[in-house]
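The residues of the chain are indexed from 1 along the displayed sequence.
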Amino acid sequence: MLLAFLVFFPMIAAVVSYLVGRKNKGLRDVIVILSCLITLLAAGVAVAGVIAGRAISLAIPGFCGRGLSFALDGFRALYALVGAVMWLATSMLSREYFANHYRNRNRYYFFYLMTLGATLGVFLSDDLFTTFVFFEIMSFTSYTWVAHDETPGALRAAETYLAVAIIGGMVMLMGLFLLDSTLGTLKIGDLYDAAAACGRKGVIWAASLCILFGFGAKAGMFPLHIWLPKAHPVAPAPASALLSGILTKSGIFGVIVVSANIFRNDKTWGNLILVLGLITMLGGAVLAVFSVNLKRTLACSSMSQIGFILTGIAMSCLLGEENALAVRGALLYMVNHSLFKLILFMAAGVVYMNLHKLNLNDVRGFGRRKPLLHFAFLMGAVGLMGVPLFSGYVSKTLIHEGIVEYVELLVEEGTLALSYKAAEWIYLFSGGLTSAYMIKLYICLFWQKHPTEQIYYDARKRYMSPLSALALTASALLVPLLGVRPNLTMDALADFGGAFLHAAVPAHAVHYFSLTNLKGAGISLAIGLIVYLAVIRPMLTHKEADGSRTYLDLWPAWLDIEERAYRPAIGALLSGGGALASLCSEDTLEGRIYRPLIRVLVTVGSVASKTLGSLTDAVAYLIGHTVLAMRRRVQRVRVGNRVTDAVGRAVDGMADELNHTVLRGHPVQHHATGSLAGRWDGIVDALRQTTHTMSYGLLLFGLGLCATLIYLLIH
């Protein structure tokens with residue numbers, strides 16, 4: 001009953017709060033906070049049960065023929081507790097944050113509690129099918145957070161978030177189908193033995209890569225990170241804290257399940273995760289250094305910190321039976337990052353609910369003479385930077401020591417370890433960039449003065465309510481409390497949750513404050529200070545005549561993987577090959593090979609599109625004159641819905657952009673692309689017509705059904 005309560009109680013509370021909120025908004029806010037508090041108490045009972053040695057599991061048969069299954073161990077109980085703490089803290093801030101200037105609060109709170117139940121369902125799941133079910137519920141319910149403001153920027157970011165979630169979820173589902181048919185089980189505890197006994201290693205790899213794609217997309221792993229820097233700035237700050245602090249960890253949960261079970265001790269898989277982790281880590285840190293938006297900086301930081309966690313997971317695979325340091329580091333880094341982003345995004349929320357601005361040039365100096373906000377932000381910053389005596393130092397040190405340990409093992413075996421030594425320096429340099437951008441934010445908010453608004457900022461004595469102050473201060477106090485005596489606190493957490501990651505028993509206690517361990521932290525902090533003084537301050541800011549410094553947004557707008565790669569690729573896919581004409585404008589072989597080939601592709605695509613369109617239009621016509629006619633609502637043949645209209649508008653936008661930039665944007669091509677442009681216009685017109693009708697939806701449904709049937713026939 002405890003597991004069912006943790007998962008489904010928040011969902012029931014969501015319905016209750018919504019109904020109450022239609023009549024009494026104040027009572028609804030109280031119900032939301034109390035629901036989060038009750039969930040926290042239940043999570044505390046779960047932790048106590050694991051400590052007492054009670055084995056708790058739950059199976060709900062009948063769901064989709066497979067049922068749902070949940071289990072409780074140290075890691076699951078720990079993250080149920082982390083999630084409940086984060087929801088309680090953000091619910092306390094949300095009451096004040098949404099009090100003014102916000103609509104649709106009832107909708108927000110409904111999906112807020114629904115997401116809590118779905119997230120706990122992910123972390124408490126005992127098989128990957130249950131994980132997938134709640135993972136997808138969580139993705140759809142949290143989508144409303146990103147779209148909450150309903151501004152063009154928010155809706156576009158939400159569109160990206162949902163697209164990544166859906167594509168990732170479908171790829172993951174195919175991987176789960178393949179894994180289930182190959183191993184005969186999706187139960188997490190049985191995966192290792194089943195994979196070890198299975199001889200179809202290639203199939204296991206294919207399935208696992210699909211699963212990694214889905215979980216990596218939610219975690220914000222490169223190259224699937226595109227939603228993260230865009231979703232956080234537009235989402236309400238309490239939602240951003242949850243998106244960054246724990247929803248990304250649901251993706252990490254899946255990566256851990258695959259890495260610690262199917263690929264335990266597998267060096268090839270470990271190297272793959274290591275490369276992805278290093279790129280994610282360094283790329284996010286560079287983006288954060290250049291950002292001039294408070295929440296975007298924290299969002300890019302989240303991407304970078306996910307890279308640190310992935311590096312720890314990778315080292316656990318590479319180290320094999322000697323993975324104690326790496327596993328404990330990855331686990332503690334997850335917990336620490338959840339805590340730090342809870343603090344920092346709530347602090348950013350306090351800034352935003354007072355100023356309704358996020359640009360660093362607008363918010364600089366706001367934190368001066370605000371001791372509680374100053375303390376809370378500083379705790380989050382020094383924790384994230386890995387300053388000794390604070391909890392972040394412990395997890396950073398453990399992962400770093402894991403890398404060093406692997407390098408030493410390779411040297412002892414007589415193997416050249418230059419690539420892993422380079423990985424260590426990327427790790428330290430990325431940690432330095434973390435220090436650099438956190439120093440930038442800290443100085444901007446609490447030391448600089450605003451050139452025109454500083455008197456107004458200093459006069460704001462009541463900048464947050466006592467309830468918000470309690471949530472922020474209590475969260476911030478955990479950072480030094482956990483970090484001062486790490487052998488008593490952090491090691492206990494690692495021992496409690498390490499079994500889920502199959503952590504080895506440490507050979508000896510870690511001397512966290514030894515000279516060797518302090519050296520690594522010192523290198524990163526020194527790099528951060530140098531980057532701030534030598535790059536950020538002189539190059540990324542401009543000193544005005546009055547002595548104030550203005551932050552410069554120097555990141556190239558065109559350097560956007562979504563806008564420059566993913567959307568054009570999707571547009572080219574939709575265009576039936578027409579967009580490929582731009583790739584053969586100045587090549588010697590253009591006229592003889594490329595252009596005739598493109599003409600063939602365009603013609604075939606056009607014929608196929610018209611044929612399929614005619615068939616589906618015929619079906620739509622029959623439906624419109626039979627089923628719809630029976631309803632006697634004969635609107636002037638508008639056969640469609642909001643979904644297909646949205647798709648249609650998206651295609652319109654991509655088509656116009658491609659038409660302008662690809663076929664019309666280069667004067668050199670005007671004389672050569674006339675016929676192609678005509679064909680392109682014809683295809684675009686056909687696309688615009690089909691995507692605004694129900695036939696487009698039927699076409700997509702039919703293609704999806706065919707793919708599913710083919711898969712079922714094969715397997």
Plane angle bin for Phe70 and Phe8 - parallel if under 30°, tilted between 30 and 60°, otherwise perpendicular: perpendicular

Aromatic plane relationship, Trp145 with Tyr112 - under 30° parallel, 30 to 60° tilted, over 60° perpendicular: tilted

Counting C-beta onward and ignoring hydrogens, is there a side-chain heavy-atom pair between [X] and [Y] closer than 4.5 Å?
| X | Y | value |
| --- | --- | --- |
| Asp73 | Ile56 | no |
| Leu493 | Thr489 | no |
| Leu242 | Thr115 | no |
| Cys36 | Leu113 | yes |
| Leu58 | Val7 | no |
| Phe500 | Leu331 | no |
| Thr144 | Tyr108 | no |
| His337 | Ser302 | yes |

Using modelled atom types only, decide if a donor and an acceptor are shared between the side chain of [X] and the backbone of [Y] within a distance under 3.5 Å.
| X | Y | answer |
| --- | --- | --- |
| Ser338 | Gly245 | yes |
| Asp266 | Trp269 | yes |
| Ser259 | Ile256 | no |
| Asn24 | Val20 | no |
| Thr280 | Met221 | no |
| Asn323 | Ala504 | yes |
| Thr131 | Ser125 | no |
| Lys341 | Ser240 | no |
| Ser208 | Trp205 | no |
| Thr90 | Pro238 | no |

Cationic tip of Lys396 above Phe308 ring, under 6.0 Å, 45° of axis: yes

Cation-aromatic face contact Arg76/Phe123, 6.0 Å, 45 degrees: no

Which heavy atom of [X] sits nearest to which heavy atom of [Y], and what is that distance?
| X | Y | value |
| --- | --- | --- |
| Met315 | Ala326 | CB-CB, 3.7 Å |
| Phe345 | Ala237 | O-CB, 3.6 Å |
| Leu482 | Met490 | O-CG, 3.3 Å |
| Thr130 | Leu68 | OG1-CA, 3.5 Å |
| Met11 | Gly117 | CE-C, 3.8 Å |
| Ser395 | Leu332 | CB-C, 3.8 Å |

Within 6.0 angstrom of Arg485 CZ, more than 12 heavy atoms from elsewhere: no

NZ (Lys201) with more than 12 external heavy atoms under 6.0 Å: yes

Using distance alone, with no hydrogens and no angle criterion, decide if [X] and [Y] have a side-chain donor and acceptor under 3.5 Å apart.
| X | Y | result |
| --- | --- | --- |
| Thr119 | Lys249 | no |
| Thr39 | Trp87 | no |
| Tyr161 | Lys218 | yes |
| Thr268 | Asn271 | no |
| Arg28 | Asn106 | yes |

SB check Arg328 Asp495 (cutoff 4.0 Å): yes

From CA spacing to verdict: side-chain contact (heavy atoms from CB on, under 4.5 Å), Leu298, Ser244: CA-CA 9 Å; Leu298 296 177; Ser244 173; over 6 Å; no

Aromatic centroids of Phe215 and Phe253 separated by under 6.0 Å: no

Ring-ring centroid check Tyr512 Tyr393, cutoff 6.0 Å: no

Quick one: pull up [atom1] in [X] and [atom2] in [Y] and give me the separation to the nearest 0.5 Å.
| X | Y | atom1 | atom2 | result |
| --- | --- | --- | --- | --- |
| Arg264 | Leu191 | CZ | CG | 10.0 Å |
| Ser139 | Phe134 | OG | CZ | 13.0 Å |
| Cys317 | Leu272 | SG | CG | 10.0 Å |
| Leu384 | Leu339 | CG | CG | 10.5 Å |
| Ser304 | Ile306 | OG | CD1 | 9.5 Å |
| Asn265 | His502 | CG | NE2 | 10.0 Å |

Worked check of side-chain contact (heavy atoms from CB on, under 4.5 Å) between Phe340 and Ser391: CA-CA 10 Å; Phe340 301 152; Ser391 61; 3.4 Å; yes

Residue of the set Phe98, Phe110, Tyr97, Phe111 for which ring pair (Phe, Tyr, Trp, His ring centres under 6.0 Å) holds with His148: Phe98

Worked verdict on Thr248 versus Leu243 for side-chain contact (heavy atoms from CB on, under 4.5 Å): CA-CA 6 Å; Thr248 54; Leu243 283 166; over 6 Å; no

Full working for side-chain contact (heavy atoms from CB on, under 4.5 Å) between Leu274 and Leu310: CA-CA 7 Å; Leu274 179 62; Leu310 290 171; over 6 Å; no

